Amino acid sequence: MKQPLFGKFGAPNGDHMLGPIQKITAPMQRYAENEPADYVIVGVGAAGGVLLQRLARAGFRVIGIEAGPFWDTERDWVSDEAGSHNLYWEDLRITGGQDPLTLGANNCGKGVGGGSVHWAAFCPRLHPSDFHMHSADGVGVDWPFPYGELKPYYELLELEMPVAGPAYYPWGDPHGYPYGPHPMGGVGDVLIRGCTKLGIGVSIGGPVAIISGSHGDRPHCIYRGFCIQGCKVGAKASTLITHVPDALENGAEIRDNSMVARIELGKDRHVNGVMYFDQEGREHFQKAKAVIVSGYAIETPRLLLNSACPGFENGLANSSDTVGRYLMAQAGNVVLGRFEELIRMYKAPPAHAMTEEFYETDPQRDFVRGFAIQTVGPLPIAFAKQMMVAKGAWGWGLRRVMMDYNHWAAIALLGEILPWPENRVTLANEKDRFGIPIAKVTFNLHENDKKLIEFGKNKVIGIMRAAGAEEVVQESRYAHLVGAARMGNDSRTSVVDRYGRTHDISNLFVCDGSIMPTQGSANPGLTIQALAARTADYLISQGDAIFDSSKRNMERPPMREDLSPPGTWGKGVPRMK
Ligand SMILES: Cc1cc2nc3c(=O)[nH]c(=O)nc-3n(C[C@H](O)[C@H](O)[C@H](O)COP(=O)(O)OP(=O)(O)OC[C@H]3O[C@@H](n4cnc5c(N)ncnc54)[C@H](O)[C@@H]3O)c2cc1C
Ligand code: SF4
């Protein structure tokens, strides 16, 4: 019988063993740098973790090169807000434009699991209308395939993570969830009360990739609210615990603390590997038959641009001049309300109730597309920062507000901002500690975006007031960066094809949130992982032909349910399939 963890698996730097949630029972495979791996994946985050697991299970020699550490959930994580900042990508980036985005902790992760380690795990699907927005509303762009092609992967990932939520979720393509809904926290009660007063439908207890009953060896949620700090308990899904252990069991290697600086081009306009720096700053070159970039919507375009070379002077895969363009963020205004009664918003996962009543275009409004409204539960440090911005609280005034923390509730807007070409990632003059030019992010709101945010923000304020808040304040912010290497059928207007293969280089792929052509107003994590499973099925269906052939077989691949991590099938409460 296989014995889990201790004493069996040394973490990559060899000085400790991995803790109980990770259940890794075999030593990690090590591949030689001078022998080509089948696939090198740059970044083992939300998408990279799923790709690594699928490709390893299918028998490919696959290496994930990850800039951050391989987390040991026992040793490295704490249930403490101040102690968890190392989960984020905090390296220097430049932000600009008329509506500059806050970078750092508000966007991507750094470490195995990427952003799926610190996400709140809200897991709604995109709506069918998101896939043909340009045809319907004349804005943005249509996806290169309809919702129906991603739907089976939504269902699959909802089982693999798995997702808890209501038995009947009414919006978009109505569906149910494999695990039952969570009980309500104080903020959920506020959202329900406000929405009910105003006649707005609300979904309670999810959808969220946090288990409401035990799943295999993973325990259910204990409602202590440290989800954004990683969830030491293991109830929240992250690819670090859902997909990476199975990838390693099946022969994948992960090189952590390794920053890829360039993708190298060989002869015949094919890539032949990546150059990366290890933690000590030593340079390495890993040969590969194909490279998949899964580095997040900022680092992915940064790497493609930094890999410019003769023949690709504007960056790899950038003949369309769209690498870095059409970057999107969702409007994430947080509305805070003070109540006479205790709310205790730190208890329970922040993500546990929401409404998508306003998701679709409504001809009665003076803008197209829409927004969702969701519970959030800032812990005290985040709350203090919000109060400084929203209320101008400082000094003694801030201390008074903080003493009242348990009486406040926070509800967020999640609004669709459209893809615009001048919202983009470019290279700055500044360099990081390895001498690699860093990313500059430029962001501007357009007329439709501004009207949508104004309307949505007032709707959330109305709900907060209807719930009985005696004081209401709001902070403008953004969430969830995607786009910047978008997919499409036309190589003149997109970076990758419908399976994530770059139009320009046949053995170079991009697979992460950056390939999303539009973003809807659903949190993107489920869609990103569903896209990764779909791309993996495509690569697997093509076999070795993908490494040499420049011919593109665009046939839809069969879905490989047999490649799911163990425990996906036959466990848990009612299956919806
Ligand atoms: C506080 C917070 C809460 C969130 N909550 C939700 C939520 O509730 N629901 C939801 O759907 N989404 C949520 N998100 C967003 C979600 O986490 C991201 O959309 C998702 O993780 C992005 O996936 P990705 O694969 O594109 O990138 P990531 O998951 O960020 O993975 C990219 C990985 O690549 C690595 N990398 C980058 N460049 C290099 C390089 N050059 N060399 C080596 N490695 C590299 C990074 O270190 C990282 O590990 C949240 C985000 C934040 C910040
Ligand atoms: S509330 Fe649940 S999901 Fe969040 S950290 Fe605690 S156990 Fe994990």
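Start at 1 with the first residue, then count along the sequence. Keep in mind the model is a prediction, meaning the values are calculated, not measured. Each ligand, and each atom within it, is numbered from 1 in the order the structure gives.
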| Check: Thr502 side chain, Val495 main-chain N or O, donor-acceptor pair, under 3.5 Å | no
| query | For the side chain of Asp512 and the backbone of Ser514, is there at least one donor-acceptor N/O pair under 3.5 Å apart? | reply | yes
| Among all protein non-hydrogen atoms, which one is nearest to atom 2 (C) of ligand 1, and what is the separation to 0.1 Å? | His118 CD2, 3.7 Å
| request: Distance to 0.1 Å, residue and atom name: give those for the protein heavy atom nearest to atom 2 (Fe) of ligand 2. | output: Cys221 SG, 2.3 Å
| said: Measuring from atom NE2 of His118 to atom CG of Asn107, what distance do you get when rounded to the nearest 0.5 angstrom? | reply: 7.5 Å
| task | If you have a sec, work out which protein heavy atom is nearest atom 35 (C) of ligand 1 and how many Å separate them, to one decimal? | result | Glu66 OE1, 3.4 Å
| query | Nearest protein heavy atom to atom 34 (O) of ligand 1, by residue and atom, and its distance? | reply | Gly43 CA, 3.2 Å
| said: Using modelled atom types and a 3.5 Å cut-off, is there a donor and acceptor pairing between side-chain atoms of Asn306 and backbone atoms of Ile263? | reply: no
| field | Neighbour count >12 (heavy atoms, 6.0 Å) for atom CZ, Arg344 | value | no
| query | So Phe434 and Phe277, would you call those rings parallel, tilted or perpendicular, with 30° and 60° as cut-offs? | reply | parallel
| field | Leu304 side chain near Asn318 side chain, heavy-atom distance below 4.5 Å | value | no
| For atom 37 (C) of ligand 1, what is the nearest protein heavy atom, given as residue, atom name and distance? | Gly295 O, 3.2 Å
| task | Would you mind finding which of Tyr296, Trp89, Phe434 brings a heavy atom closest to atom 27 (O) of ligand 1? | result | Tyr296
| said: Looking at Tyr326, I'd like to know if the NZ or CZ of Arg486 sits under 6.0 Å from its six-membered ring centre while staying within 45 degrees of the ring's axis. | reply: yes
| request: Identify, for atom 43 (C) of ligand 1, the protein heavy atom at the shortest distance, and state residue, atom and that distance. | output: Ala67 N, 3.2 Å
| request: Measure the shortest side-chain to side-chain distance between Ile417 and Tyr478 over non-hydrogen atoms and say whether it is less than 4.5 angstrom. | output: yes
| task | Apply the side-chain hydrogen bond (donor to acceptor under 3.5 Å, both in side chains) test between Arg255 and each candidate in Gln286, Glu66, His284; give the one that qualifies. | result | Gln286
| Atoms in ligand 2 with a heavy atom of Tyr223 nearer than 4.0 Å | 1 (S), 2 (Fe)
| message | Within 2.8 Å of atom 8 (Fe) of ligand 2, is there any N, O or S atom belonging to Cys231? | response | yes
| query | For ligand 2, which atoms have a heavy atom of Phe226 less than 4.0 angstrom away? | reply | 5 (S)
| task | Could you find the nearest protein heavy atom to atom 1 (S) of ligand 2 and give me its residue, atom name and distance? | result | Gly225 N, 3.1 Å
| query | Hey, does Gly513 come in under 3.5 Å of ligand 1, counting only N/O atoms on both sides? | reply | yes
| query | Of all the non-hydrogen atoms in the protein, which one sits nearest to atom 7 (S) of ligand 2, and at what distance? | reply | Ile222 N, 3.3 Å
| request: Check whether any heavy atom of Ala121 sits under 4.0 Å from an atom of ligand 1. | output: yes
| request: Answer with yes or no whether Gly109 contacts ligand 1, where contact means a heavy atom under 4.0 Å from a ligand atom. | output: yes
| said: Could you check whether any side-chain N or O of Ser214 sits under 3.5 Å from a backbone N or O of His220, counting only pairs where one atom can act as donor and the other as acceptor? | reply: no
| field | Protein heavy atom at shortest distance from atom 4 (Fe) of ligand 2 | value | Cys227 SG, 2.3 Å
| field | Closest candidate by heavy atom, reference atom 42 (N) of ligand 1, pool Ile65, Val260, Asn523 | value | Val260
| Is it true that Cys511 lies under 4.0 Å from ligand 1, counting heavy atoms only? | no
| request: State whether the side chain of His352 and the backbone N or O of Gly185 hold a donor-acceptor pair below 3.5 Å, judged by distance alone. | output: yes
| query | In terms of residue, atom name and distance, what is the protein heavy atom nearest to atom 16 (C) of ligand 1? | reply | Trp119 CB, 4.4 Å
| In terms of residue, atom name and distance, what is the protein heavy atom nearest to atom 9 (N) of ligand 1? | Phe122 O, 2.9 Å
| query | How far is atom 15 (C) of ligand 1 from its nearest protein heavy atom, and which residue and atom is that? | reply | His480 CD2, 3.5 Å
| request: May I ask you to decide if Ser521's main-chain N or O and Tyr359's side chain share a donor-acceptor pair within less than 3.5 Å? | output: yes
